[in-house]
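Naming convention: chains lettered A, B, ... in sequence-line order (proteins, then strands); numbering from 1 in each chain.
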Amino acid sequence: MSENKPTDRSEGTPTQARPLNFIEKIITEDLANGSVSRIQTRFPPEPNGYLHIGHAKSIWLNFGLAERFGGQCNLRFDDTNPVKEDEEYVASIKKDVQWLGYQWSGEVKFSSNYFEQLYQWAVHLIQTGKAYVDHLSADEMRAYRGTLTEPGKDSPHRQRSVDENLALFAQMRAGELDEGACALRAKIDMASPNMHLRDPVIYRIRKVAHHQTGDQWCIYPSYDFAHGQGDAIEGVTHSVCTLEFEDHRPLYEWFIANLPTPSTPRQYEFSRLNVNYTVTSKRKLKQLVDEGHVDGWDDPRMPTISGMRRRGFTPKSIRDFCELAGVTKVNGIVDVGMLEFTLREDLNKHAPRAMCVLQPLKVVLTNYPEDKTEIMTAPGHPQRDDMPLRNMPFGREVWIEKDDFREEANKKYKRLVIGKRVRLRNAYVIEADAALKDDAGNIVEVHARIIENSVGNDPADGVKPKGVIHWVAAHDNLTCEVRLYDRLFTDVAPDAGGKDFLQHINPDSLDILTGCKAEAGLAAAPPDERYQFERQGYFTLDAQYSTAEHKVFNRVIGLRDTWGKMDQS
RNA sequence: UGGGCCGUCGCCAAGCGGUAAGGCAUCGGGUUUUGAUCCCGACAUGCGUAGGUUCGAUCCCUACCGGCCCAGCCA
């Protein structure tokens, strides 16, 4: 797969001219003043679900930073909570990261690789009087923690001796205590205005099997106790995460300061990527899947990486979008229009052109011999000469788009009208004579004439065609199914302010067209190629629904359409 | 309302005391056998608000206003 080359970064990417973002500035300084000699980052997902467009930003940022500064980026699964995780997700996450065009440094890492070290560090904290086993129940702990405006109070178990804590913690590990019976807490400050510093739980008992470590452990470290230390073990220099972890930073630093870690990573936070007209919360995406509003996690309308892949997005368009959106600490919502822009930009450059009639209307060229056929040639791409020419059969009967014919129309209509001319793209100029209708008055066929010698030339009589329309020969084409996708939600912010996002699902987000007529050459379309169906948009084969006999094309995105937006009367 | 963070064009986003980059979108115009692409042009006397410091402030100070995050043995 050509799109998996992690080196395909050069062309078109605005990387060069762009001013540095705040994290790049920090790294540049750190490198300049020698506080670090080399960059190490990491992308640290918990394997508890499918990745979506929001994760793409983190992937792009972490891997991109390493790439730009000649460093390395690890893929580390933050698997400290076995009850929510599954091996299925580690597989899909690895696939998504690679598809986006990145390769992690060395082996895939897991926080669970460090469980023994983490355990020893917890013991170290106990020995230095900085951690204790607390027997308060979860409810009691909540009550003791205080509130946002009131300080918490010390647990009655806070002053246990080191020996007692050591013994209790060993019992926890040995499985001698029940889930919830107690937990290990860091001893920091129950009156801290920062809730995360009010003696956070760092180890809890969970008697469940872990997807990586099996039943080796029945106690698991919390995120806060595992993340920074994992960074330190891996030599991560810049631990980049999202804004909601800002409050955790003092805790992150407290562990690093109070433990003999091999390095001192620093945490930096940026705002997560939000896109309008969609939702990205795992709970909501799951609901869309579970309630059958979409076809699965990889439904082409989903904002998941797998959905976008199936839809036909290019990895580059997603990376470019992340870059275009920028890296700051401002909580914003980016316009999907920007994503559509980077998508079209990439597709326009690389997609071979083709013609496909979505809603066919037959045109009979009455002055064209019944037994005659020709092969028309067309460029593979109008702005590139490195793409092979296409050969398209042409004959007496051709299909054109229903929308491209009107019995009569005003001068703004640049398509086929009775008595007027249009060019069949890459073929003849034709002039319409009559429209044949069925009993209900629907136009079922159009009679027209070709203008002799107009292939590649303007008509000899000087009467130029009004416009250019696409067509497909009736005697030789590929009948196929085409799926048109629109945004999944009709509301800019489907879940803003506690709105019920399900109320805003777009009933027309999927339009299935059958009996579409594509140019014959498309019968050989490979599954990962994206085409521009001229005048319509970009399309790719749906890997799931297509069979050898029945091709299904997904519309990745339509062409920019200034005509469709204006008053066409 | 305790703490943390954030507020520059409709949406992103530069700017770091010397008089508002850029992109997306939008609106004009040109080229074009895709109403696509491409090309030109327009688009913040204004930087959440009010004061203050300064010859000069989006950048410094003060006070307000607005938004986001934190009271999981989730991450």
Side-chain angles (χ1 to χ4, degrees), chain A residues 14 17-21 44-46 48 78-81 83-85 134 136-138 141-143 145-152 179-185 191-198 200-206 219-220 222-224 226-227 241-250 269 271 276 324-342 344-345 348-349 353 355 378 381-383 412-415 422-427 429 454-458 465 467-470 532-537 558-566 568:
Chain A
R18 200 201 73 214
L20 297 183
N21 64 51
E46 182 186 20
N48 67 347
D78 218 344
D79 56 347
T80 57
N81 186 5
V83 317
K84 292 192 170 184
E85 302 159 5
D134 195 351
L136 246 30
S137 69
M141 226 182 256
R142 179 161 45 245
R145 187 158 31 231
T147 68
L148 294 179
T149 52
E150 303 161 298
E179 267 189 35
C182 58
L184 185 69
R185 294 230 257 170
S192 172
N194 182 339
M195 298 298 284
H196 298 286
L197 262 18
R198 318 242 266 225
V201 167
I202 59 176
Y203 259 97
R204 57 320 196 181
I205 302 169
R206 283 284 177 281
I219 56 173
Y220 293 94
S222 63
Y223 162 85
D224 287 305
H227 203 94
C241 61
T242 43
L243 249 31
E244 66 270 30
F245 292 102
E246 277 178 314
D247 288 347
H248 295 241
R249 196 186 333 128
E269 312 85 15
S271 60
N276 63 187
L324 198 59
V327 180
T328 66
K329 294 169 87 84
V330 183
N331 260 311
I333 298 169
V334 179
D335 192 335
V336 255
M338 272 196 214
L339 214 206
E340 296 174 342
F341 168 79
T342 59
R344 289 192 180 105
E345 183 184 46
N348 176 52
K349 268 181 223 156
R353 310 288 125 124
M355 294 201 285
H381 185 114
Q383 278 86 231
K412 285 198 296 190
Y413 188 76
K414 308 202 303 188
R415 307 175 188 186
V422 279
R423 173 176 293 283
L424 294 181
R425 172 142 244 242
N426 300 123
V429 170
S454 63
V455 178
N457 305 305
D458 280 339
V468 180
I469 64 174
H470 58 282
Q532 183 194 97
F533 288 175
E534 290 185 298
R535 300 213 305 135
Q536 296 184 130
L559 251 30
R560 203 163 153 268
D561 183 15
T562 44
W563 164 250
K565 287 177 188 167
M566 46 186 278
Q568 296 172 23

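Within the nucleic acid shown, A:Pro250 has no heavy atom closer than 4.0 Å to any nucleic acid atom. As judged by a 4.0 angstrom heavy-atom cut-off over every strand, A:Gln532 is placed among the base-contacting residues. Residue A:Ile333 is in sugar-phosphate contact alone, with no base atom involved, counting any heavy-atom pair closer than 4.0 Å across all strands shown. When heavy atoms are screened at a 4.0 angstrom cut-off, A:Val336 is found touching no nucleic acid atom at all. Among the protein residues, A:Ser271 comes within range of no part of the nucleic acid, since none of its heavy atoms lies under 4.0 Å from any strand. Residue contacts for A:Lys414: at a heavy-atom cut-off of 4.0 Å it reaches a base atom on one of the strands shown. Base contact: A:Gly456 has a heavy atom under 4.0 Å from a base atom.
For A:Val429, the side-chain contact (heavy atoms from CB on, under 4.5 Å) partners are A:Arg421, A:Arg423, A:Ile451, A:Ser454, A:Pro459, A:Pro465, not counting sequence neighbours. Annotation: side-chain hydrogen bond (donor to acceptor under 3.5 Å, both in side chains) contacts of A:Glu150 (sequence neighbours excluded): A:Thr147. Taking A:His470 as the reference, nothing meets the ring-ring contact (aromatic ring centres under 6.0 Å, His included) condition, with sequence neighbours excluded. For A:Arg206, the side-chain contact (heavy atoms from CB on, under 4.5 Å) partners at least two apart in sequence or on another chain are A:Val83, A:Glu179, A:Arg204, A:Val208, A:Tyr220. Residues passing the side-chain hydrogen bond (donor to acceptor under 3.5 Å, both in side chains) test with A:Arg142 are A:Asp139, sequence neighbours excluded. In terms of the side-chain hydrogen bond (donor to acceptor under 3.5 Å, both in side chains) criterion, A:Asp247 has no residue partners (sequence neighbours excluded). When the salt bridge (Lys or Arg N to Asp or Glu O under 4.0 Å) test is applied to A:Glu46, no partner is found at least two apart in sequence or on another chain. Among residues two or more places apart in sequence or in another chain, the ring-ring contact (aromatic ring centres under 6.0 Å, His included) test is passed with A:His196 by A:His248.
The same atom, P, is picked in B:A71 and in B:C64; the two are 27 Å apart, to the nearest Å. To the nearest whole angstrom, the two P atoms, one in B:C59 and one in B:G17, are 11 Å apart. Nucleotides B:A21 and B:U45 have their P atoms positioned 13 Å apart, rounded to a whole Å. To the nearest whole angstrom, the two C1' atoms, one in B:G23 and one in B:C65, are 30 Å apart. Comparing the C1' positions of B:A14 and B:C47 gives an interatomic distance of 12 Å, to the nearest angstrom. Separating the P atom of B:G22 from that of B:C43 is a span of 11 Å, rounded to the nearest Å. Comparing the same atom, C1', in B:A44 and in B:A20 gives a spacing of 7 Å after rounding to whole Å.
You'll find that the side chain of A:Tyr413 is closest to B:G35, out of B:G35, B:U33, B:U37.
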Produce the list of close N/O pairs, under 3.5 Å, pairing protein atoms with atoms of nucleotides 38-41 of chain B; give distances to one decimal.
none

Restricting to nitrogen or oxygen on both sides, can you table the protein-nucleotides 18-27 of chain B pairs closer than 3.5 Å?
unit_1: B:U26; atom_1: OP1; unit_2: A:Lys565; atom_2: NZ; d: 2.6

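For the pair A:Glu150 and A:Gly467, both in contact range of RNA chain B, the more 5′-proximal nearest nucleotide belongs to A:Glu150.
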Identify each donor-acceptor pair in which a side-chain atom of residues 325-335 of chain A lies under 3.5 Å from a protein atom, sequence neighbours left out, and give them as a table.
unit_1: A:Thr328; atom_1: OG1; unit_2: A:Val330; atom_2: N; d: 3.1
unit_1: A:Lys329; atom_1: NZ; unit_2: A:Glu246; atom_2: OE2; d: 3.1
unit_1: A:Lys329; atom_1: NZ; unit_2: A:Glu269; atom_2: O; d: 3.4
unit_1: A:Lys329; atom_1: NZ; unit_2: A:Glu269; atom_2: OE1; d: 3.4
unit_1: A:Asp335; atom_1: OD1; unit_2: A:Gly337; atom_2: N; d: 2.8

Protein heavy-atom contacts under 4.0 Å, written 5' to 3' over nucleotides 65-75 of chain B as B (base), S (sugar-phosphate only) or - (none), form the string ---SBBBSBBB
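Base orientation for B:G72: syn, the chi torsion being within 90° of 0.
Contact of A:Gln536 with B:U34 (side chain to base): no donor-acceptor pair of N or O atoms is detected under 3.5 Å.
Taking atom CG of residue A:Asn426 and atom C1' of nucleotide B:U32, one finds them 13 Å apart after rounding to whole Å.
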